**Student:** 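Quick one: this structure, given as structure tokens, is what I'll be asking you about.
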2 protein chains.
Amino acid sequence: MRRSDASAQIVATSTVENYLKHLLLLAEDGETLVPMGALAAALEVVPGTATTMVKALADEGLVLHRPRLGVRLTPEGRRVALNVLRKHRLVETFLVHVLKMDWAKVHDEAEQLEHAISDEVLDRLDALLGHPQTDPHGDPIPSRQGKLHSQVYATLATCTLDRSVRIVRITDQSPEFLQFAEQHGLQPGTALRVADRNLPAGLLALRRSGSSAAASLSLVAAGKILVEPAR
Amino acid sequence: MRRSDASAQIVATSTVENYLKHLLLLAEDGETLVPMGALAAALEVVPGTATTMVKALADEGLVLHRPRLGVRLTPEGRRVALNVLRKHRLVETFLVHVLKMDWAKVHDEAEQLEHAISDEVLDRLDALLGHPQTDPHGDPIPSRQGKLHSQVYATLATCTLDRSVRIVRITDQSPEFLQFAEQHGLQPGTALRVADRNLPAGLLALRRSGSSAAASLSLVAAGKILVEPAR
DNA sequence: TGATTTATTTTGACTAATCAAAATACCGGC
DNA sequence: GCCGGTATTTTGATTAGTCAAAATAAATCA
């Protein structure tokens with residue numbers, strides 16, 4: 001009985017799901033080896049812990065471990081990871097669009113819920129929300145079939161000066177940053193242009209489309225905001 | 001800073017939450033001592049495990065352990081347990097009323113979710129659902145303030161013969177029983193009467209109000225269906 | 001009362017996940 | 001080609017939660 005979708009057969013603990021999810025986020029393509037230190041940092045465990053866990057995951061056939069070089073997902077591991085990520089982002093979308101929660105809070109909430117919801121609830125949530133392509137932060141939601149449709153975008157730090165652009169994604173999920181972004185109206189969908197960049201000062205000046213309101217932003221912050229040409 | 005509601009300050013693992021929740025279900029009044037064996041059976045662990053865990057919970061001040069006699073919740077433990085039960089039943093309600101899930105499936109689903117949702121999500125879910133008093137099985141939902149409004153009802157096995165009654169609650173949450181009940185239209189709200197009881201045979205005959213359709217039911221099953229006088 | 005059954009507790013061992021710190025491998029520079 | 005620094009792996013210990021089975025207490029019954 002062949003199945004083409006990405007429903008998870010494997011029973012993974014939430015720890016396992018977290019390791020796989022972070023491996024996916026650290027190497028979306030699935031090709032590049034993730035250094036053990038990077039994985040450990042992402043999971044906020046000491047490197048030794050990550051090594052131990054990765055070896056166990058390798059035994060399960062969920063990751064490929066190249067000792068001293070790094071680790072990457074197997075196709076099976078990737079399948080599980082995509083399903084977790086899909087849950088995370090659909091839950092975020094639900095929390096913002098249905099429960100009207102603050103978008104700065106939903107990340108941590110989804111971090112718990114992604115391990116608790118079944119595939120059936122996932123599907124129904126997806127339908128209820130109208131099969132969204134991205135979550136409230138603009139992050140792409142993996143399809144049921146496990147396709148992660150993730151594009152390369154310019155950022156406010158790299159886009160053309162004085163061209164009108166639209167924000168498509170905020171890549172920093174921390175409540176602090178999201179709160180800051182919201183307060184300045186910097187959300188997916190917002191149209192604006194970079195009026196000026198002062199590299200030595202690490203600052204840039206923004207101008208909202210159809211308004212004379214200006215705001216300035218650090219280069220670091222700007223690099224976390226992905227944009228596409230408007231219109 | 002005095003707080004009157006039942007929001008949980010204590011950080012309990014889901015194991016701890018399950019022990020407390022089952023203690024509440026086994027002794028709703030909070031007075032009666034629950035024998036260790038009963039608790040262990042409810043949690044599907046061996047008795048020794050329950051003893052160990054209960055001693056730990058007693059150290060935390062969440063339960064009172066009377067060795068060899070049994071265990072009961074402290075006010076603090078009860079507060080936490082009520083909050084978990086509230087989550088469980090509101091989640092069930094959400095799954096049935098919003099996601100349109102089969103009511104036979106939602107119990108197991110809620111079993112996971114009750115440990116993953118925050119108090120804020122809980123409150124928003126409650127508001128979204130219009131502050132329901134009972135879940136889809138008719139089980140009372142504890143209030144935010146920790147009041148569990150649970151009445152004593154007759155069952156189909158004990159109610160007056162030939163009196164019209166309305167189903168208010170199904171006390172067996174197993175998918176099998178719920179599926180069976182649904183197939184026979186035995187859900188909270190349904191009005192019917194017991195046409196006949198045959199005690200030696202352990203059977204009873206039901207008649208739906210406003211219909212000549214009859215059904216028969218075992219006494220055991222009937223005892224799981226709580227009713228109140230209709231109208 | 002004393003023997004037997006039953007419930008509970010204790011003991012010892014196991015698994016998953018973690019950390020601290022020691023051991024090891026690899027890299028770049030000279 | 002060696003030396004020092006950095007990343008990784010290994011080792012030993014810890015915590016939460018569990019089970020199996022032995023020990024103990026209480027209840028029942030003759």
Side-chain angles (χ1 to χ4, degrees), chain A residues 8 10-24 26-27 32-73 76-77 80-81 84 111-112 114-116, chain B residues 8 10-24 26-27 32-73 76-77 80-81 84 111-112 114-116:
Chain A
I10 288 228
V11 268
T13 64
S14 53
T15 306
V16 166
E17 289 187 343
N18 274 330
Y19 274 81
L20 299 177
K21 183 188 68 176
H22 278 109
L23 277 171
L24 177 63
L26 290 169
T32 24
L33 282 176
V34 175
M36 204 53 83
L39 178 59
L43 288 158
E44 300 178 81
V45 296
V46 300
T49 300
T51 301
T52 310
M53 193 64 201
V54 159
K55 291 210 289 184
L57 295 176
D59 288 347
E60 302 279 310
L62 294 168
V63 304
L64 175 72
H65 182 206
R66 311 269 269 94
R68 307 248 162 210
L69 294 178
V71 54
R72 68 155 176 260
L73 293 168
E76 182 64 5
V80 176
V84 176
E111 213 61 18
Q112 303 303 313
E114 67 190 5
H115 309 297
Chain B
I10 289 230
V11 269
T13 64
S14 53
T15 306
V16 167
E17 290 188 342
N18 274 331
Y19 274 81
L20 299 178
K21 182 187 67 176
H22 278 108
L23 277 172
L24 177 63
L26 290 169
T32 24
L33 281 177
V34 175
M36 204 52 83
L39 178 59
L43 287 158
E44 300 180 81
V45 296
V46 300
T49 301
T51 300
T52 310
M53 192 65 201
V54 159
K55 290 209 290 183
L57 295 177
D59 288 346
E60 303 279 310
L62 294 168
V63 304
L64 175 72
H65 182 205
R66 310 269 269 92
R68 307 249 160 209
L69 293 178
V71 54
R72 69 155 175 259
L73 292 169
E76 181 64 5
V80 176
V84 177
E111 213 61 17
Q112 304 303 314
E114 67 190 5
H115 309 297

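Chain A is the first sequence line, chain B the second, and so forth, proteins listed ahead of strands; every chain is numbered from 1. Small disclaimer: the values here were computed from a predicted structure and weren't measured.
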**Student:** Taking the nucleotide of DNA chain C with the closest heavy atom to each, which residue, B/G37 or A/P67, is nearer the 5' end?
**Tutor:**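 Nearer the 5' end of the strand: B/G37.
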
**Student:** Using whole Å, what does the distance between atom P of nucleotide D/dT15 and atom CD of B/E60 come to?
**Tutor:** 14 Å

**Student:** Let's see if you can work this out: which of D/dT8, D/dC19, C/dA17 has an atom nearest to the side-chain heavy atoms of A/T13?
**Tutor:**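 Of D/dT8, D/dC19, C/dA17, C/dA17 is nearest to the side chain of A/T13.
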
**Student:** Of the candidate nucleotides C/dT9, D/dC19, D/dG17, which contains the atom at the shortest distance from the side chain of B/T49?
**Tutor:** D/dC19

**Student:** Within the 4.5 Å heavy-atom criterion, are B/H65 and B/L57 side-chain neighbours or not?
**Tutor:**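 Not in contact.
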
**Student:** When you look at B/E44 and B/H22, which way does the side-chain contact (heavy atoms from CB on, under 4.5 Å) test go after all the steps?
**Tutor:** CA-CA 11 Å; B/E44 300 180 81; B/H22 278 108; over 6 Å; no

**Student:** Can you check whether A/T51 has a side-chain N or O nearer than 4.0 Å to OP1 or OP2 of D/dT9?
**Tutor:**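 Result: yes.
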
**Student:** Does some side-chain heavy atom of A/K21 sit less than 4.5 Å from a side-chain heavy atom of A/V80?
**Tutor:**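 No - every pair of side-chain heavy atoms lies 4.5 Å or more apart.
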
**Student:** If you define the side chain from C-beta out and look only at heavy atoms, does anything of B/L26 sit under 4.5 Å from B/T32?
**Tutor:** no

**Student:** To the nearest angstrom, how far is A/L69 atom CG from C/dA25 atom P?
**Tutor:** 14 Å

**Student:** C/dT8, C/dT18, D/dT18: which one has an atom nearest the side-chain heavy atoms of B/R68?
**Tutor:**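 Ranking C/dT8, C/dT18, D/dT18 by closest atom to the B/R68 side chain puts C/dT8 first.
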
**Student:** Using atom CG of A/L33 as one end and atom P of D/dA7 as the other, report the distance to the nearest whole Å.
**Tutor:** 17 Å

**Student:** Whole-Å distance between D/dT11 P and A/K55 NZ?
**Tutor:** 8 Å

**Student:** Is the shortest heavy-atom distance from the side chain of B/L20 to the side chain of B/V84 under 4.5 Å?
**Tutor:** no

**Student:** Reading DNA chain C from 5' onward, which residue's closest nucleotide shows up sooner: A/Y19 or A/G48?
**Tutor:**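 Looking at DNA chain C, the more 5' nearest nucleotide goes with A/Y19.
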
**Student:** Expressed as a whole number of angstroms, how long is the span from B/D59:CG to D/dA16:P?
**Tutor:**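 Those two atoms, CG and P, are 12 Å apart.
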
**Student:** Take atom CG of B/L39 and atom C1' of D/dG17, then tell me their distance rounded to the nearest Å.
**Tutor:** 14 Å

**Student:** Quickly work out the B/M36 CE to D/dA25 P distance and round it to whole Å.
**Tutor:** 16 Å

**Student:** Could you work out which one of D/dT9, C/dA17, C/dA20 sits closest to the side chain of A/P47?
**Tutor:**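 Of D/dT9, C/dA17, C/dA20, D/dT9 is nearest to the side chain of A/P47.
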
**Student:** Find the distance B/L43:CG to D/dC19:C1' and express it as a whole number of Å.
**Tutor:** 15 Å

**Student:** Would you indicate which nucleotide in D/dG17, C/dT18, D/dT9 comes nearest to any side-chain atom of B/T15?
**Tutor:**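 Closest of the options to the side chain of B/T15: D/dG17.
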
**Student:** Taking only the side-chain nitrogens and oxygens of A/H65, find out if one of them lies under 4.0 Å from OP1 or OP2 of D/dT8.
**Tutor:**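 Indeed not, no polar side-chain atom of A/H65 lies that close.
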
